[in-house]
Number of protein chains: 2
Amino acid sequence: MTEPKTPDDAATPGPVKKPARNGKSSATIYDIAKVTGVNPSTVSRALSKPGRVSAKTLKLIEDAAAELNYQVNPFARALPTGRTSTFGLIVADITNPTFFDIIRGAETTAAVRDYTLVLAESAESAVTELTAARRMMATVDGLILASPRMDDDDIRTLARDKPVVVINREVDGVPCVVPEVNKGIGEAVRSLAANGHRKVAFVAGPAQSWMSARRWDGVQAACEWSRLEAVRLESAKPTVDGGRQVARDVLASGATAVLTYNDLLAIGLMQELQAAGVVVPDQISIVGFDDIFGADFTTPPLTTVRSPLGACGSSAARLLLDLLQGTGEPAGTLRVETELVVRGSSGRLLS
Amino acid sequence: MTEPKTPDDAATPGPVKKPARNGKSSATIYDIAKVTGVNPSTVSRALSKPGRVSAKTLKLIEDAAAELNYQVNPFARALPTGRTSTFGLIVADITNPTFFDIIRGAETTAAVRDYTLVLAESAESAVTELTAARRMMATVDGLILASPRMDDDDIRTLARDKPVVVINREVDGVPCVVPEVNKGIGEAVRSLAANGHRKVAFVAGPAQSWMSARRWDGVQAACEWSRLEAVRLESAKPTVDGGRQVARDVLASGATAVLTYNDLLAIGLMQELQAAGVVVPDQISIVGFDDIFGADFTTPPLTTVRSPLGACGSSAARLLLDLLQGTGEPAGTLRVETELVVRGSSGRLLS
DNA sequence: AATTTTTTGGCCAGCGGTTGCCGCGGCTGG
DNA sequence: CCAGCCGCGGCAACCGCTGGCCAAAAAATT
């Protein structure tokens, strides 16, 4: 009575093992082999080694595969080969719009090349980031680190294991995609100088942020060149809230123009200053970085040094995929340009 | 001469197979078994079947595992079991901030439960969405569909295969997480009525959007209740640009208050109206939906019917994970509340 | 026509875990 | 004192696909 003898019912699965969850498990190369009368390994080759089997059997197998609606089992494939057609992207903060464009760029490029994107966030913490990265390493072919907070050495260690591409930071020996800030900053500072500003403040981002340091360097250099005084202020977090909190320091600094590490800070700062009755840009000019979604919603709309974030994301993905599939390993640093986008939050100083 | 006899060199890998990419491949349960002197199956059980082995050997194995820095190979595990500790999230548009919070909510919940999130986007297309979903099904344990554009039937078909949770839409027989719009809409419409408005327009979203239909229903019902006239307008795309484009229709409609399918539309609409010299909210009130990032950056800040997007994301993930791990299958619809957030873009009609 | 070379397909040993089944030793109970 | 049960560990059969190796068949060469 164990076998109710289902009469014409479709193929009673012999060993009652793992039917995908409902009844019909999906087809395997063995099913195809049985149908076509060839060996499973031939099916495998037909499906993944172009040219390894004769045109005739290839056709035979492809037809059967289509018929059975076969799809490879990625796990079964990954096991012997180690290839997973998957790569990871770790961002510092998922809710930070800066990363939205990066994520989208990477996802789009991945999809085009038939790769799958796995996402994780580090919550701006170096250790969380490293943990996430380690976890991912087991399951992906490569990794993109956007604005990583961990050590250069940790990154290099990771990179020894599988291909890694870094965005928004330059790490020796690891392929990177970094916005070249100097052009945009130069434009911003010159514009400020031309508008009569003499002292500019820079609100820095996270201490571990390589990009924050670059931007500060750039601001200093540009200010020196334009004979402006530059002061550096610290922020607690690179968020709207952080921007609000830094407002009093900005006021205290006596600067008439301020560049902030990112747009979020700029927006928060502007909100707080306006709430305190300061008129932007008449009394103080504000310039952000990145040109995130929403930067043009504010009143006045935010002047900002734009980084092509979406391009960074897709370039990084492309770099990684080339590394993965391709032969040569260029592994250099890819620099993308930045540019000043003048909107309403910066301008001539009135007073 | 095939075996160069490397003397004290660290373990020459016998078969020159697949060293993780550099030299040292990662440890397997076999390595642990060798070190501890037990059978691999015992190691497997120790690591995944709590209580199946004695406390003593468990300790032994755990120590060895820590020592060797062992991590399970997810693929090897997935092969026999079918479980992958992974779930997919498909969103209509990655760049739409509405989804940011959903993504984050889901990612966070996933991480807590040691699951990995795989992300894909459908670009607002039903077919792309279905394709992506099918592809994912092979590699994930379950799927979250945020604002799906495909047929109910397609969704149900998918759901027969693996657990599926839907956000922002109600599909019979599939667990869903939907914001209950009526409360928020009621508040919005009453507030509008109280401010002297008599005719309100609703700018609809994508035709396939279930949520857009719900919102329109809600607006109609609330308007009827408050004895207001409601007209429906169509938008080309549920984006800022779409909002801009619909501005002339809004003006032509003669409505003095407008609710839009989402905040993006509201923002675009407001920008365009203001550019045309219309004063918001004095001449026209605007109310959005969702309360996305940036909704409070505008001038005036946007009044909106907030949906708890982050909560939707994490609830959906929790639902899915419960379904996956848990025993019972509740599979109902989870309703979350919405509320009106009054900011500056709505108010008393002056004229 | 005989031989060498190239195709083409079969065989089989894994990849790293999981799991059903079995057996052994110890504890309990009659 | 012995049967019976339970806890714990070993054995081995997969999961679905890949790839090295080899032999048969086909094509090219002499």
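These numbers were taken from a predicted model, which means no experiment stands behind them. Computed over heavy atoms, backbone and side chain alike; hydrogens, waters and symmetry mates excluded.
- Here the side chain of I29(A) is nearest to one of dC12(C), dC17(D), dG16(C), namely dC17(D).
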**OP:** Could you please spell out the steps behind the side chain to side chain donor-acceptor pair (under 3.5 Å) verdict for R135(A) and T116(B)?
**Re:** CA-CA 10 Å; R135(A) 265 195 48 177; T116(B) 299; 3.1 Å; yes

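- Nucleic acid contact for S54(A): sugar-phosphate only, since backbone atoms but no base atoms lie under 4.0 Å from a heavy atom of the residue.
- Side-chain nitrogen and oxygen atoms of S44(A) include at least one within less than 4.0 Å of the OP1 or OP2 phosphate oxygen of dT18(D).
- Of the listed nucleotides (dG9(D), dG16(D), dT18(D)), dG9(D) has the atom at the smallest distance from the side chain of T42(B).
- Counting any heavy atom pair closer than 4.0 Å across all strands shown, V43(B) reaches no nucleic acid atom.
- Between L68(B) atom CG and dG16(C) atom C1' there is a gap of 15 Å when expressed in whole angstrom units.
- The distance between atom CZ of R83(A) and atom C1' of dC15(C), rounded to the nearest whole Å, is 13 Å.
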Subject >> D322(A) vs R318(A), salt bridge (charged side-chain N to carboxylate O under 4.0 Å, His left out): CA-CA, chis, key distance, verdict >> reply: CA-CA 6 Å; D322(A) 285 349; R318(A) 208 167 312 118; over 6 Å; no

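- The CG atom of L79(B) sits 17 Å away from the P atom of dG14(C) (whole-angstrom rounding).
- When all heavy atoms of S26(B) and D31(B) are compared, the pair lying nearest together is O-OD2, 4.3 Å.
- Here K49(A) reaches the OP1 or OP2 of dG19(D): one of its side-chain N or O atoms lies under 4.0 Å away.
- Distance NZ (K34(A)) to P (dC17(D)): 13 Å, rounded to an integer number of Å.
- Taking for each of Y30(A) and T57(B) the nucleotide of DNA chain D with the nearest heavy atom, the 5'-most of the two is the partner of T57(B).
- If you take CG of L47(B) and P of dG17(C), they are 9 Å apart, rounded to a whole angstrom.
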Original post:
Which is it for I155(A) and L145(A) under the side-chain contact (heavy atoms from CB on, under 4.5 Å) test, yes or no, and what are the steps along the way?
Top reply: CA-CA 9 Å; I155(A) 296 177; L145(A) 265 20; 4.3 Å; yes

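- For R77(A) and dG16(D), a side-chain-to-base donor-acceptor distance below 3.5 Å is absent, hydrogens and geometry of angles not being considered.
- To the nearest angstrom, P of dC21(C) lies 13 Å from CZ of R52(B).
- Put simply, R45(A) has no side-chain N or O that comes within less than 4.0 Å of OP1 or OP2 on dG19(D).
- In this structure, I32(A) places its CD1 atom 11 Å from P of dT18(D), rounding to the nearest Å.
- Phosphate proximity of dC11(D) to N39(B): present, with a side-chain N or O under 4.0 Å from OP1 or OP2.
- Heavy atoms of F75(A) sit nowhere under 4.0 angstrom from any nucleic acid atom.
- Pairing each heavy atom of G313(B) with each of I167(B), the nearest pair is CA-CD1, 4.1 Å.
- Contact annotation for S41(A): base contact, defined as any heavy-atom pair under 4.0 Å involving a base atom.
- Between the P atom of dG26(C) and the NZ atom of K56(B) lies a distance of 12 Å, rounded to the nearest Å.
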